Amino acid sequence: MNISFLGNWRKKRDPARVTVFSDSESDREGVAELLSECELLRSQAYRAGIELDDSPASLEALDQLLPRWRDDEESLPWLGNDAGLYLGTVILRTVPGAAWQLWPDGQPVIRLESGREIDVVAAGHEWAASGVPELSQLYGEVSEA
């Protein structure tokens, strides 16, 4: 169905964006579990024969996917969210001292032991749209810090 005003309305809106609000520190585990779901990315990877096992090697495999999603304006921002959240999940599970941190506006970022904060969702959007930076490359930079 082609509804012209709906297309124009979507162009004026920000791409899909993850926002999380939590009232307590005890919610950290639940928030981490929720953010690791990444259903759209996992289904795309599954169809391509890639298992997303929360490992750095799976990020390399994602970087090798043909970016067929770039033709789909509707799913592109959602896939970008998922890619960023998946990157954050891999960092969280493999880099000692890494943790999800919520900015005051609810944006989830990864905070490293050093205090550096990585906006993985923004990186995921860039990866989904252009392939740069590669998820595995960003992971390598973060894991060495």
Side-chain angles (χ1 to χ4, degrees), residues 1-22 27-114 116-145:
M1 182 184 310
N2 186 8
I3 304 173
S4 61
F5 74 87
L6 187 57
N8 291 334
W9 178 83
R10 285 183 180 147
K11 288 178 186 175
K12 294 177 186 176
R13 303 293 178 258
D14 288 336
R17 186 173 157 226
V18 174
T19 306
V20 178
F21 293 99
S22 174
D27 290 341
R28 281 184 187 255
E29 197 170 303
V31 167
E33 186 176 328
L34 177 68
L35 295 177
S36 72
E37 287 182 2
C38 313
E39 285 184 41
L40 180 60
L41 182 70
R42 288 183 190 277
S43 70
Q44 293 262 350
Y46 178 78
R47 282 185 288 215
I50 297 172
E51 180 186 352
L52 297 185
D53 59 0
D54 302 344
S55 71
S58 65
L59 294 174
E60 292 174 18
L62 284 173
D63 287 337
Q64 301 305 312
L65 278 177
L66 288 175
R68 291 187 177 106
W69 59 82
R70 291 189 187 136
D71 295 333
D72 185 353
E73 289 183 31
E74 197 168 307
S75 69
L76 182 65
W78 295 101
L79 189 69
N81 277 338
D82 278 7
L85 295 175
Y86 184 71
L87 171 62
T89 298
V90 174
I91 293 169
L92 179 74
R93 295 192 174 151
T94 61
V95 175
W100 285 111
Q101 180 74 35
L102 300 178
W103 281 346
D105 66 353
Q107 172 80 7
V109 297
I110 288 288
R111 184 178 177 99
L112 302 177
E113 203 168 44
S114 67
R116 178 179 170 202
E117 292 181 343
I118 316 302
D119 187 349
V120 291
V121 173
H125 280 273
E126 291 173 22
W127 175 82
S130 68
V132 178
E134 290 184 340
L135 299 174
S136 59
Q137 176 187 2
L138 187 55
Y139 172 82
E141 292 170 11
V142 168
S143 66
E144 292 176 4

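Because only heavy atoms are used, hydrogens play no part in the values below, and waters and symmetry mates are left out as well, while side chains stay in. In this text the structure is predicted, and so the values were computed from the model without any measurement.
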Can you list everything that forms a side-chain contact (heavy atoms from CB on, under 4.5 Å) with Arg68? Sequence neighbours excluded, please.
Leu66
Partners passing side-chain contact (heavy atoms from CB on, under 4.5 Å) against Glu141 (at least two apart in sequence or in another chain):
Gln137, Leu138
Scan the side chains in residues 88-97 for donor-acceptor partners under 3.5 Å anywhere in the protein, sequence neighbours excluded, and list what turns up.
unit_1 : atom_1 : unit_2 : atom_2 : d
Thr89  : OG1    : Leu85  : O      : 2.9
Arg93  : NH1    : Asp54  : OD2    : 2.1
Thr94  : OG1    : Val90  : O      : 2.6
Thr94  : OG1    : Tyr139 : OH     : 2.8

Asp63 side chain to Trp127 side chain, donor-acceptor N/O pair below 3.5 angstrom
yes
Measuring only between side-chain heavy atoms, which start at C-beta, is Leu41 closer than 4.5 Å to Tyr46?
no
Taking C-beta and beyond as the side chain, do Gln107 and Val109 meet within less than 4.5 Å on heavy atoms?
yes
Nearest 0.5 Å, what's the [atom1]-[atom2] distance between [X] and [Y]?
{"X": "Asp72", "Y": "Trp78", "atom1": "CG", "atom2": "CH2", "value": "13.0 Å"}
{"X": "Leu62", "Y": "Leu52", "atom1": "CG", "atom2": "CG", "value": "5.0 Å"}
{"X": "Asp53", "Y": "Ser58", "atom1": "CG", "atom2": "OG", "value": "5.0 Å"}
{"X": "Glu60", "Y": "Ser55", "atom1": "CD", "atom2": "OG", "value": "8.5 Å"}
{"X": "Gln101", "Y": "Asp119", "atom1": "CD", "atom2": "CG", "value": "12.5 Å"}

Nearest heavy atoms of [X] and [Y], plus distance in Å:
{"X": "Asp82", "Y": "Cys38", "result": "OD2-C, 3.2 Å"}
{"X": "Ala61", "Y": "Ile50", "result": "O-CD1, 3.5 Å"}
{"X": "Ala128", "Y": "Leu79", "result": "CB-C, 4.4 Å"}
{"X": "Ser75", "Y": "Leu40", "result": "O-CD2, 3.9 Å"}
{"X": "Pro133", "Y": "Glu126", "result": "CD-OE1, 3.4 Å"}

Stepwise side chain to side chain contact (heavy atoms under 4.5 Å, CB included) test for Arg116 and Arg111:
CA-CA 6 Å; Arg116 178 179 170 202; Arg111 184 178 177 99; over 6 Å; no
Option from Leu135, Asn81, Leu59 for which side chain to side chain contact (heavy atoms under 4.5 Å, CB included) with Tyr86 holds
Leu59
Let's go through Val142 and Leu112 carefully: what are the C-alpha distance in whole Å and the side-chain angles of both, what is the deciding distance for side chain to side chain contact (heavy atoms under 4.5 Å, CB included) to 0.1 Å, and is it a yes or a no?
CA-CA 8 Å; Val142 168; Leu112 302 177; 3.6 Å; yes
Could you go through the side chain to side chain contact (heavy atoms under 4.5 Å, CB included) check for Trp103 and Glu117 one step at a time?
CA-CA 10 Å; Trp103 281 346; Glu117 292 181 343; 2.7 Å; yes
